[in-house]
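Okay, structure first, notes after.
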Amino acid sequence: QLQLVESGGGLVQPGGSLRLSCAVSGPSVEYYAIGWIRQVPEKEREGVSCISSRGDSTKYADSVKGRFTISRDNAKNTVYLQMNSLKPEDTAVYYCAARFGPGAAPVERMCSEPLGDYWGQGTQVTVSS
């Protein structure tokens with residue numbers, strides 16, 4: 001069973017930047033795709049960005065393309081989400097999730113559905129002046 005712990009959320013002004021981190025622990029971490037999924041009360045969850053187990057396949061929601069960058073450091077078992085040019089509509093709780101499987105398929109499914117096999121507790125991101 002995997003454990004995922006998010007960090008890096010907070011309050012930032014519009015146009016600012018934040019970097020979220022997801023520390024992953026447990027067996028066979030290297031076989032899991034990792035994704036960032038956000039939730040706003042009374043709205044559906046949105047798959048923001050996902051990355052394959054080897055880091056060679058990524059997916060972004062149209063709403064964040066060109067502003068957010070996902071990366072992973074498998075030596076540290078950590079996945080990052082660099083968020084630039086933040087907008088008030090990016091305000092949400094951001095969850096880190098893991099989905100088993102190599103290649104692009106779990107990346108596509110996790111960001112589209114969006115569903116994961118394991119979830120973190122979430123970190124709040126608030127974009128406001």
Side-chain angles (χ1 to χ4, degrees):
Q1 186 164 346
L2 296 189
Q3 292 81 43
L4 297 89
V5 179
E6 303 96 334
S7 61
L11 173 64
V12 63
Q13 292 186 343
S17 297
L18 281 175
R19 189 177 81 157
L20 304 184
S21 297
C22 174
V24 187
S25 60
S28 305
V29 172
E30 65 273 22
Y31 297 118
Y32 284 81
I34 305 294
W36 290 96
I37 295 163
R38 65 187 179 188
Q39 176 82 64
V40 177
E42 301 182 351
K43 289 189 177 180
E44 292 186 356
R45 287 181 295 188
E46 179 185 21
V48 176
S49 183
C50 301
I51 189 166
S52 61
S53 57
R54 293 187 177 183
D56 53 358
S57 179
T58 59
K59 183 177 177 65
Y60 295 91
D62 288 342
S63 58
V64 307
K65 281 181 182 176
R67 299 188 298 122
F68 290 10
T69 302
I70 192 169
S71 62
R72 71 188 289 166
D73 184 339
N74 282 346
K76 296 181 178 179
N77 287 341
T78 302
V79 174
Y80 305 99
L81 185 67
Q82 179 67 43
M83 305 187 295
N84 299 329
S85 303
L86 282 161
K87 304 175 181 180
E89 51 263 44
D90 294 318
T91 296
V93 177
Y94 283 70
Y95 296 92
C96 179
R99 186 152 182 166
F100 183 80
V107 174
E108 290 290 330
R109 287 196 296 269
M110 182 161 54
C111 258
S112 301
E113 291 175 2
L115 287 175
D117 298 324
Y118 300 99
W119 293 81
Q121 81 288 353
T123 185
Q124 176 71 46
V125 171
T126 302
V127 185
S128 175
S129 55

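Everything numeric here is computed off the predicted structure, so don't read it as measured data.
- Across every non-hydrogen atom of Cys111 and Lys59, the tightest pair is CB-CD, 3.6 Å.
- The shortest heavy-atom contact between Cys96 and Leu4 is SG-CD2, 3.4 Å.
- The shortest distance between side-chain heavy atoms of Asp90 and Met83 does not fall below 4.5 Å.
- Distance alone, capped at 3.5 Å, is enough to place a donor-acceptor pair between the Tyr60 side chain and the Ile70 backbone.
- Using a 4.5 Å cut-off on side-chain heavy atoms (C-beta onward), Leu115 and Arg99 make contact.
- Counting only distance, with no hydrogens or angles, the side chain of Gln39 and the backbone of Ile37 share no donor-acceptor pair below 3.5 Å.
- Classification of the Phe68-Tyr94 ring pair by plane angle, with boundaries at 30° and 60°, yields tilted.
- Between Trp119 and Tyr95, the two ring planes are perpendicular [angle over 60°; tilted spans 30° to 60°].
- At least one donor-acceptor pair closer than 3.5 Å links the side chain of Glu6 to the backbone N or O of Gln121.
- At distances below 3.5 Å, at least one donor-acceptor pair connects side-chain atoms of Thr91 with backbone N or O atoms of Val127.
- Residues Tyr31 and Tyr118 share a single hydrophobic cluster, defined by chaining ILVMFWY side chains whose heavy atoms lie under 4.5 Å apart.
- Remark: side-chain polar atoms of Asn74 are paired, donor with acceptor, to backbone N or O of Ser53 under 3.5 angstrom.
- A donor and an acceptor atom, one from each side chain of Glu89 and Ser63, are nowhere located under 3.5 Å apart.
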